Amino acid sequence: MSRGDFPLEISLVGDYRKNNEGTPIVSGTVPVRINVQPEHIAQLASKRFEPVYFVDGQYIYENEVGYFPTTYRWDSRNHNPGEHYLTVNLRGYLGNFGMATLKVVIEKPQTEGSANTLAHKD
């Protein structure tokens, strides 16, 4: 029997400045969206799964009730400024698995409590 792995997509909601390498520059609360291709949603919906979030390999959050698309509001202020890797594992209760990683650069907010200057819509 196949494990049923799925390609997972990870993206940031909103427009972000990028550095010379094309890496998004973030600060404050950052909406992180995960999704799968439409052809996989029906198969995944019939199984239980949970997304598990990591920054630089360190666990930060999980949601035990998975659905697509999902948007997690990540507080980047809990991490030092600089380059980081945001990874999401899709963990299925029946062996399903998906994983995606996104490189970001955290920028120290200009003022206390400020977030990215652009509005975010879910």
Side-chain angles (χ1 to χ4, degrees):
M1 180 166 135
S2 170
R3 279 180 24 136
D5 293 349
F6 298 94
L8 187 62
E9 301 168 358
I10 183 173
S11 61
L12 303 180
V13 178
D15 293 321
Y16 291 86
R17 290 183 301 120
K18 296 185 176 168
N19 66 12
N20 292 338
E21 292 144 8
T23 304
I25 300 169
V26 303
S27 65
T29 301
V30 180
V32 178
R33 178 163 291 155
I34 59 169
N35 208 351
V36 295
Q37 292 295 315
E39 63 266 20
H40 298 299
I41 288 182
Q43 188 176 5
L44 273 170
S46 68
K47 302 174 183 179
R48 292 187 60 198
F49 62 91
E50 60 187 25
V52 184
Y53 298 79
F54 301 85
V55 173
D56 300 329
Q58 299 296 311
Y59 169 87
I60 59 170
Y61 175 75
E62 71 182 270
N63 183 353
E64 294 187 15
V65 180
Y67 55 91
F68 290 110
T70 295
T71 301
Y72 166 61
R73 295 184 130 6
W74 169 50
D75 188 352
S76 69
R77 293 171 293 190
N78 294 327
H79 305 279
N80 292 327
E83 193 173 275
H84 295 275
Y85 291 89
L86 179 61
T87 299
V88 180
N89 287 342
L90 181 66
R91 192 168 55 192
Y93 294 99
L94 299 175
N96 315 357
F97 186 78
M99 184 178 80
T101 298
L102 178 66
K103 183 165 95 172
V104 298
V105 173
I106 297 175
E107 177 178 76
K108 183 177 178 180
Q110 299 299 318
T111 60
E112 189 66 31
S114 70
N116 195 332
T117 57
L118 297 174
H120 303 292
K121 295 180 182 177
D122 287 342

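Model, not experiment: these values are computed from the prediction. All residue numbers in this chain count up from 1 along the given sequence.
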Exercise for the section: Could you tell me which non-hydrogen atom of Gly28 sits nearest to which non-hydrogen atom of Ser76, and how far apart they are? Expected result: O-OG, 2.8 Å
Practice task
Could you tell me which non-hydrogen atom of Leu8 sits nearest to which non-hydrogen atom of Asn35, and how far apart they are?
Solution key: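 That would be CD1-O, 3.5 Å.
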Is there a side-chain contact between [X] and [Y], using heavy atoms and a 4.5 Å cut-off?
X	Y	value
Leu12	Val26	yes
Tyr59	Val52	yes
Met99	Thr87	yes

Exercise for the section: Could you verify whether a donor N or O on one side chain and an acceptor N or O on the other, from Arg33 and Thr71, lie under 3.5 Å apart? Expected result: yes
Exercise for the section: Establish whether Ile10 and Val55 are linked, either directly or via other cluster members, by ILVMFWY side-chain heavy-atom contacts under 4.5 Å. Expected result: yes
Handout entry: same_hphob_cluster(Phe54, Tyr61) at 4.5 Å side-chain heavy-atom cutoff
Key = no
Practice task
Take Leu102 and Tyr85 through the test side chain to side chain contact (heavy atoms under 4.5 Å, CB included) and record every step on the way to the result.
Solution key: CA-CA 6 Å; Leu102 178 66; Tyr85 291 89; over 6 Å; no
Practice task
Not counting sequence neighbours, which residues clear side chain to side chain donor-acceptor pair (under 3.5 Å) with Asn19? List them please.
Solution key: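 Checked Asn19 against side chain to side chain donor-acceptor pair (under 3.5 Å); zero matches.
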Handout entry: For Glu64, side chain to side chain donor-acceptor pair (under 3.5 Å) partners two or more places apart
Key = none
Which distance, rounded to the nearest 0.5 Å, do you find between the [atom1] of [X] and the [atom2] of [Y]?
X	Y	atom1	atom2	value
Lys103	Thr23	NZ	OG1	4.0 Å
Thr70	Leu90	OG1	CG	9.0 Å
Arg77	Ile106	CZ	CD1	11.0 Å

Handout entry: Reference residue Tyr72; test side chain to side chain contact (heavy atoms under 4.5 Å, CB included); the match among Leu86, Ile60, Asn63
Key = Ile60
Exercise for the section: Could you go through the ring-ring contact (aromatic ring centres under 6.0 Å, His included) check for His84 and Trp74 one step at a time? Expected result: CA-CA 13 Å; His84 295 275; Trp74 169 50; 7.6 Å; no
